[in-house]
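As structure tokens, the structure follows; a few thoughts come after it.
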Number of protein chains: 2
Amino acid sequence: MLNNLTDHIKKFIDLSDTDIELINLAVAVKSVKKKAFLLQPDQSCKEIYFVSQGCLRLYFINKKLNEQITQFAIENWWLSDYYSLESGKPSNYYIQAVENSEIISINKNKLEELFKKVPRLERYFRIVQQRAFTAAQKRIEYIYSFSDEERYRNFSKRFPEFMQRIPQYMLASYLGFTPQFMSKIRAKKD
Amino acid sequence: MLNNLTDHIKKFIDLSDTDIELINLAVAVKSVKKKAFLLQPDQSCKEIYFVSQGCLRLYFINKKLNEQITQFAIENWWLSDYYSLESGKPSNYYIQAVENSEIISINKNKLEELFKKVPRLERYFRIVQQRAFTAAQKRIEYIYSFSDEERYRNFSKRFPEFMQRIPQYMLASYLGFTPQFMSKIRAKKD
DNA sequence: TGATTTTCTTAATCTTGATTCATTTTTTGA
DNA sequence: TCAAAAAATGAATCAAGATTAAGAAAATCA
């Protein structure tokens with residue numbers, strides 16, 4: 001549903017019918033099956049992804065050869081490897097669908113053209129980026145404030161619905177500890 | 001020097017002389033003595049800060065009553081508590097000068113007015129926020145990729161000049177470990 | 001629906017970095 | 001310039017969470 005994107009944008013800026021048409025011409029809608037990849041290491045990232053429906057994860061393989069998830073994206077979130085996108089360098093990351101998902105993508109160059117045609121979109125993305133940055137900061141604050149066990153309990157209190165949607169080992173990875181440790185703390189009390 | 005700010009902006013977007021005037025009218029320049037505070041907990045954060053000269057740090061007091069630094073800002077970096085800024089809620093953070101510094105501040109409301117007069121600034125801040133987010137992501141990647149010792153060695157290789165500017169205990173705090181542990185790994189080899 | 005793959009659990013041992021407490025070195029400011 | 005405060009070091013003990021190695025339970029799919 002293309003509307004999911006423009007509806008989201010309308011929460012932050014006004015859009016004329018022409019604006020909406022221009023946006024819809026610039027984007028592409030993809031149905032992505034669970035476990036399918038939108039980005040793999042050594043590809044350079046050319047697009048940003050808006051989750052219209054479903055869930056994506058961003059992860060890399062660390063030195064111990066485990067998957068390390070650094071972000072999830074659910075409905076109304078953007079996801080990309082901005083480092084690769086900006087630098088043009090090959091990514092270290094995978095972007096993979098955690099569920100069957102509907103994704104709206106915009107190519108980097110098309111987005112630049114779109115900014116020229118609809119300059120107010122700069123404002124929308126400024127706000128979106130600021131929020132993403134704020135969330136990343138909060139995450140760093142949490143990492144340094146709480147023990148792994150506390151972060152797990154905290155997360156399960158704050159996002160009980162989301163926990164239903166993903167396997168536990170993915171949450172363990174996102175929180176930065178092993179599935180074994182997660183079992184241990186879950187066994188204590190839940 | 002007001003020029004430091006407009007010069008930085010000009011790296012990303014074109015500015016007319018009028019734009020520059022409007023920007024300079026909206027901002028305030030402050031000389032900030034080492035250890036002076038720009039923000040303290042329970043105040044709500046009303047401004048964003050651009051470091052024209054010097055160094056700022058953003059930190060909070062964690063549950064163990066230690067200072068936890070989450071960001072530094074040196075020349076040409078912006079710093080703020082965006083969470084407090086956006087929500088209007090009282091901050092949990094201190095923003096403090098690490099060195100005698102020259103800081104250019106913009107009040108939140110003045111910035112909104114300025115965006116109306118110079119809409120291209122939305123683009124500048126979009127790019128700045130995207131880079132800040134990318135840096136925060138990289139930081140999270142590092143936290144989960146490397147041991148504390150590896151992160152220390154990594155940091156000292158990548159930013160030798162910056163390490164000269166700040167006390168070691170601040171770097172230990174930023175990297176998330178104790179000064180004692182830092183002494184230990186420095187003693188091994190340097 | 002049964003076989004295979006994926007996910008979760010348990011337990012023993014090991015490691016990294018915290019804690020505590022004391023001392024030394026460096027910086028600052030009156 | 002010297003006293004006080006701030007910063008860095010050292011060593012002993014401790015704890016959170018990793019690792020390793022099974023095995024059990026759930027989900028998937030042909």
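Note on naming: letters A, B, ... go to the chains in the order of the sequence lines (proteins, then strands), and numbering restarts at 1 for each one. All values below come from the heavy atoms of this structure, side chains included, with hydrogens, waters and symmetry mates left out. Just so it is clear, the structure is predicted and the values come from calculations on it, not from any experiment.
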Rounded distance (Å) that lies between atom P of D:dA7 and atom CE of B:Met182
14 Å
My understanding is that only one of B:Trp78, B:Phe125, B:Tyr124, B:Trp77 makes a ring pair (Phe, Tyr, Trp, His ring centres under 6.0 Å) with B:His8; could you say which?
B:Tyr124
Starting from P on C:dT24, measure out to OH on B:Tyr169 and report it in whole angstrom.
23 Å
Check the phosphate of C:dT9 against A:Gln168, side-chain N and O only, distance under 4.0 Å to OP1 or OP2. Yes or no?
yes
With nearest nucleotides of DNA chain D determined for A:Lys34 and A:Phe177 from heavy-atom distances, which residue corresponds to the more 5′ nucleotide?
A:Phe177
Please verify the inter-ring angle class for B:Phe72 with B:Tyr174; under 30° counts as parallel, over 60° as perpendicular, anything in between as tilted.
tilted
Can you check the B:Met163 CE to D:dA8 P distance for me, whole Å?
10 Å
Measure from the side-chain N and O atoms of B:Ser156 to the backbone N and O of B:Tyr152, and report whether any donor-acceptor pair falls under 3.5 Å.
yes
Among the nucleotides C:dG17, D:dG10, D:dA7, which one has an atom lying closest to any side-chain atom of B:Gln180?
D:dG10
Whole-Å gap separating P (C:dT7) and NZ (A:Lys184)
23 Å
Residue-phosphate contact under 4.0 Å: A:Ser183 side-chain N/O, C:dC8 OP1/OP2
no
A:Tyr83 ring centre to A:Lys89 NZ or CZ under 6.0 Å, with the angle to the axis within 45°?
no
